[in-house]
Enquirer: 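Before I ask anything, here is the structure I am working with.
One-based numbering along the sequence shown. FYI, side chains are in, hydrogens and waters are out, and symmetry mates aren't considered; it's all heavy atoms of this structure.
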Amino acid sequence: MKITIISVGKIKEKYYRDAVDEYLKRLSRYCKLEIIEVEDEKTPDKAGDAEENQIKDKEAQRILKHIKDDAFLITLEIDGVMTDSTGLAQKLEKLGIQGVSHIQFVIGGSLGLHNNICSLADMHLSFSKMTFPHQLMRVILLEQIYRSYRIINGEPYHK
């Protein structure tokens, strides 16, 4: 299985980069994983709805360049479907059984994802009603993908 994470913005803090590297190393025995970072747009203070939509649209254009037609696309959205770790593992396993060989996850920037991206998704996933920094969300997503593979393979994991 190939998994691609498309994320708006770069990881600046070393401790997040270290966590990402650790999960990349752990996941290498289960899947081929790729992380694509697209440039984020600066959001001015007190930006109006129209300006925020333009910013999300610019980020969406960058994301679109990396979305593959043959991949199963999962967007991370506050209003997406919530599941537990076992549910995510079951979904990933089911996709593999159905012959899906490429899954793409998309993490938006500070304003979230533009509707153009959300409308393409095969699944809208939410980790919480809370908002997380996109850098931390990348670590959380990687941890849950790793946990999913541990569950799929009947290996121990922290509950």
Enquirer: Is there side-chain contact between I145 and F105, with at least one heavy-atom pair below 4.5 Å?
Expert: yes
Enquirer: Given side-chain contact (heavy atoms from CB on, under 4.5 Å), test N116 with I63 step by step and report yes or no.
Expert: CA-CA 10 Å; N116 291 349; I63 292 168; over 6 Å; no
Enquirer: Are the side chain of H102 and the backbone N or O of D70 linked by a donor-acceptor pair below 3.5 Å?
Expert: no
Enquirer: Got Y157 and T86 here, is their nearest side-chain heavy-atom distance under 4.5 Å?
Expert: yes
Enquirer: State yes or no: do I36 and M1 share one hydrophobic cluster built from I, L, V, M, F, W and Y residues joined by side-chain heavy-atom distances below 4.5 Å, directly or via other members?
Expert: no
Enquirer: Do K2 and S101 make a side-chain contact, defined as non-hydrogen atoms from C-beta onward lying under 4.5 Å apart?
Expert: no
Enquirer: Nearest 0.5 Å please: distance from the CD1 atom of I103 over to the CG atom of L92.
Expert: 5.0 Å
Enquirer: For atom NZ of K129, decide whether the heavy atoms of other residues, nucleotides or ligands shown that lie under 6.0 angstrom number more than 12.
Expert: yes
Enquirer: Should the heavy atoms of other residues, nucleotides or ligands under 6.0 Å from NZ of K58 be counted, would the total exceed 12?
Expert: no
Enquirer: Once rounded to the nearest 0.5 Å, what's the spacing between atom CG of L141 and atom CD1 of I107?
Expert: 5.0 Å
Enquirer: Give a yes or no answer on whether the side chain of Q104 reaches the backbone of H66 with a donor-acceptor pair at less than 3.5 Å.
Expert: yes
Enquirer: So, the side chain of Q135 versus the backbone of K10: is there a donor-acceptor pair under 3.5 Å, distance only?
Expert: yes
Enquirer: Taking all non-hydrogen atoms of both residues, which atom of L125 and which atom of V81 are closest, and how far apart?
Expert: CD1-O, 3.4 Å
Enquirer: Grab the two heavy atoms, one from S85 and one from R147, that are nearest each other, plus how far apart they are.
Expert: OG-CD, 3.3 Å
Enquirer: Working note: R26 + E155, criterion salt bridge (Lys or Arg N to Asp or Glu O under 4.0 Å); need CA distance, chi angles, decisive distance, verdict.
Expert: CA-CA 13 Å; R26 290 182 187 192; E155 298 168 354; over 6 Å; no
Enquirer: Which pair of non-hydrogen atoms, one from V8 and one from G108, has the smallest distance, and what is that distance?
Expert: CB-C, 3.8 Å
Enquirer: Would you confirm whether R138, through its side chain, and V20, through its main-chain N or O, come within 3.5 Å as a donor-acceptor pair?
Expert: no
Enquirer: Between Y149 and I97, is there a shared hydrophobic cluster once you connect ILVMFWY residues whose side-chain heavy atoms come closer than 4.5 Å?
Expert: no
Enquirer: So, E143 side chain and Y23 main chain: donor-acceptor pair closer than 3.5 Å or not?
Expert: no
Enquirer: So L24 and I35, do their side chains get closer than 4.5 Å, heavy atoms only?
Expert: yes
Enquirer: Once rounded to the nearest 0.5 Å, what's the spacing between atom CD of E52 and atom CG of D57?
Expert: 13.5 Å
Enquirer: Distance from H134 atom NE2 to L111 atom CG, nearest 0.5 Å?
Expert: 11.0 Å
Enquirer: Any idea which heavy atoms bring T75 and H124 closest together, and the distance?
Expert: OG1-ND1, 3.3 Å
Enquirer: Does any non-hydrogen side-chain atom of L88 lie less than 4.5 Å from one of I151?
Expert: no
Enquirer: Given the rule in the side-chain contact (heavy atoms from CB on, under 4.5 Å) test, do E22 and D18 qualify, once you have shown the distances and angles that lead to the verdict?
Expert: CA-CA 6 Å; E22 178 63 26; D18 290 346; over 6 Å; no
Enquirer: Rounded to the nearest 0.5 Å, how far apart are OG1 of T131 and CD1 of I78?
Expert: 3.5 Å
Enquirer: Would you check if F72 and Q98 make a side-chain contact, meaning some heavy-atom pair closer than 4.5 Å?
Expert: no
Enquirer: Nearest 0.5 Å, please: how far is OG1 in T4 from NZ in K68?
Expert: 8.5 Å
Enquirer: Check the pair R62 / E59 against salt bridge (Lys or Arg N to Asp or Glu O under 4.0 Å), numbers first and verdict last.
Expert: CA-CA 5 Å; R62 294 178 188 132; E59 292 173 346; 5.5 Å; no
Enquirer: Do you know the tightest heavy-atom contact between Y146 and L27?
Expert: CA-CD2, 3.5 Å
Enquirer: Mind listing the closest non-hydrogen atom pair of L113 and L76 along with its distance?
Expert: CD1-O, 3.8 Å
